[in-house]
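Single-structure report; data block below.
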2 protein chains.
Amino acid sequence: MTRIQKVAELAGVSTATVSRALAGKPSVSPATRERVERAARDLGYVVSATASSLASGRNRNVGIVMPFLNRWFFTTAMAGAHRVLTDAGYDVTLYHCEPNRLDDPDGADNPRRSRLFADSLLRKRTDGLIMVTLSLTAAERTSLHGIGKPVIALDRPQEGITALAVDNLAIAHTAMSHLLELGHTRIGFVGGIVPYDLDFHVPLLRRQGYEASLVDAGLEIDPLLMCDAEFTVDGGYDAASQILGAGEPPTALFAASDELAIGAHAAIRDRGLRIPEDVSLIGIDGNPLAEVFGITTIDQHPDAQGAAAARELLKELEPTSPHAAAAVRLPFELVERRSTARARD
Amino acid sequence: MTRIQKVAELAGVSTATVSRALAGKPSVSPATRERVERAARDLGYVVSATASSLASGRNRNVGIVMPFLNRWFFTTAMAGAHRVLTDAGYDVTLYHCEPNRLDDPDGADNPRRSRLFADSLLRKRTDGLIMVTLSLTAAERTSLHGIGKPVIALDRPQEGITALAVDNLAIAHTAMSHLLELGHTRIGFVGGIVPYDLDFHVPLLRRQGYEASLVDAGLEIDPLLMCDAEFTVDGGYDAASQILGAGEPPTALFAASDELAIGAHAAIRDRGLRIPEDVSLIGIDGNPLAEVFGITTIDQHPDAQGAAAARELLKELEPTSPHAAAAVRLPFELVERRSTARARD
DNA sequence: CGCTACGCTGTAAGCGCTTACAAATGAAGC
DNA sequence: GCTTCATTTGTAAGCGCTTACAGCGTAGCG
């Protein structure tokens, strides 16, 4: 006897009615619903997710796919999505998509990733997917389309996939404007000349914004003022050190993320320079760490980004609910702290 | 016609054989297996996880339950577990368990958490659970036992639950020994006089280790040298500031985590003190951030802890595989960097 | 040569739910 | 009173797999 039958028996109704009552369907009389709920509670009955999925075709489970499982930006966005999804009654299963390296753009040598797209994601465990900052190969996109389920890409527009992305060019522009308005003309850029890997184009966009702002301001682009960096504190330290040690030093540093900025902060101090007296410093993200160091930043609210992506997915998953038709905007804003100041004359 | 039937037809066998072949069962002749695999590949067939779960009773999915979804220690441990589990063919679904606050120890006012234990976790979506640093109420433990599935607790021993935990007393002792051997006698403690919340007892254990070390060394415990802190960089900054500002300042600070230590690092510098000349500083965790600041730490390899928990769970999930009978040890070690030095006379 | 043993495959009964459809009930309208 | 219709409930057919059991062919053995 299946478990639902026991509940049906106790409540004196059919299993169909139990199913309907527990699913909150409208076509159940209040009295019956009450009896069923009591019976379920008394028996400690909870609907089996698998049986329900198989019968209904809906999993109440969404997948979140991320290239990094323990970096602040990613986990914070994930947490934002997670909250929205669980509040809507969904579970979330987390998939790790290893980035494809530049020397292996098709992921031929990336077995875990291959399995992800050829297997795990196709198992019909989820009703939809949120992919964070990933760049998919054509084959992967095809594979994803094959499952016929809604996919939202966060912070990386993808051909044929609904995407939510913050305007990285505008972010970079905002940061640069702040520095330029303070009178800085020698501004260094920390992070992202060459993409670290194919699944993380954000650095590139931010550098383009940096260069465009320079050009707009009539300043020239000095390669000595730019340095590649992995998107970590370490990377920021090394890149900033290199910029500060080469040629005429900058009076301001624009780091493509807060983690890079924190590394740069340490590098600047370790060279005996003062912030902001000798060097102004600005980052991007809204990482709480930056606050401790008093680093000015552009907060892009990753938590809210994740939440927005989740709501967007939910809209596709539950067409019944009212569509908030408005296009989603992912806001960001300058947060001035003590790491930026007027340039010395 | 169900999808598996198409494969069966194409391969010229029964669905039973397809199932067996694709599941890697031994009782399939090589030739048949080959034909089935080809047919599946040609049709782009992948077994439906839900149907398979319902029929077999195994989900190939484990749940990881964490109090914080975006803090370094937790996500790093989770990533370690995730890798082991996905390599073993499991998916992982992530559950957020909101910590119970001190003023609400039973979680009466914690609806998300109630739903987690009364509903989400009971839906039979997972084959087992890993709970990270959580303290369960009696009711929650009962509820968990009810589902009759293996549960591993990481870093928080629980009555009636298999637990893996690093020896926090020993960790604290190692850190203190390092400081004491360098001749420090006024050592402050940053973080964890009173538990931040009921689900995170680690701070308490570390403080106990701190006090025990002091006593062992014949030193006295000075309340002015200890300060509570939330386990964040911010918290470390504030707590360290307070300790440095009260009474006779310490010559060394022991922070209960690397994040706290980084905050303390900033606080020390902001007071115009030098590290390590004026104040030595040691943290705990192995957070890569600490490296950038040259902070000495006790690395407890959270990634490895997560992986160990996952392997432990896998052992219970797949009794067929050979038991590595050895008890699991979670190692840690002192990593000396430039933030600790001999005390001035 | 008959019998057991073994390896491989097929048959078919579920796994625990959901839901289309049918049926029963009662209220409302004429 | 009879029809119509909405509301509530029940009946039963799956959802797409897995697996116990049975069956078949061949090999080994006395």
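Quick note: numbers below take in every heavy atom, side chains included, and nothing from hydrogens, waters or symmetry partners. Below, read A as the first sequence line, B as the second, and so on, with proteins coming before strands; counting in each chain starts at 1. Treat the numbers as computed from the prediction; the structure is a model and nothing was measured.
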Contact string for nucleotides 5-12 of chain C, one letter per nucleotide 5' to 3', B = base within protein heavy-atom range under 4.0 Å, S = sugar-phosphate only, - = neither, reads ---SBBB-

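The CZ-P distance, from B:Arg3 to D:dT18, rounds to 11 Å in whole Å. Rounded to an integer number of Å, the gap from NZ of B:Lys25 to C1' of D:dC21 is 15 Å. Rounded to whole Å, the distance from CG on A:Leu22 to C1' on C:dC17 is 11 Å. Atom pair A:Ile4:CD1 and D:dG14:P shows a separation of 19 Å (rounding to whole Å applied). With rounding to whole Å, A:Arg58 atom CZ is found 15 Å from D:dC15 atom C1'. Whole-Å rounding puts the B:Leu54 CG to C:dA13 P distance at 17 Å.
Of all heavy-atom pairs between B:Met131 and B:Leu134, the closest is CE-CD1, 3.5 Å. Between A:Val46 and B:Asp119, the shortest heavy-atom distance links the atoms CG1-O, 4.0 Å.
Where the helix from C:dC1-D:dG30 to C:dC30-D:dG1 starts and where it ends, the local axes point in directions that differ by 40°; five pairs per end, rounded to 10°.
Between B:Lys124 and C:dC17 there is no side-chain N or O to OP1 or OP2 distance below 4.0 Å.
With no hydrogens or angles considered, a side-chain donor-acceptor pair links A:Thr76 and B:Asn70 at under 3.5 Å. With no hydrogens or angles considered, a side-chain donor-acceptor pair links B:Ser135 and B:Arg156 at under 3.5 Å.
The pair B:Asp87-A:Arg112 meets the salt-bridge criterion, since a charged nitrogen lies less than 4.0 angstrom from a carboxylate oxygen.
You'll find that the side chain of A:Ser48 is closest to C:dG16, out of C:dT19, D:dT18, C:dG16.
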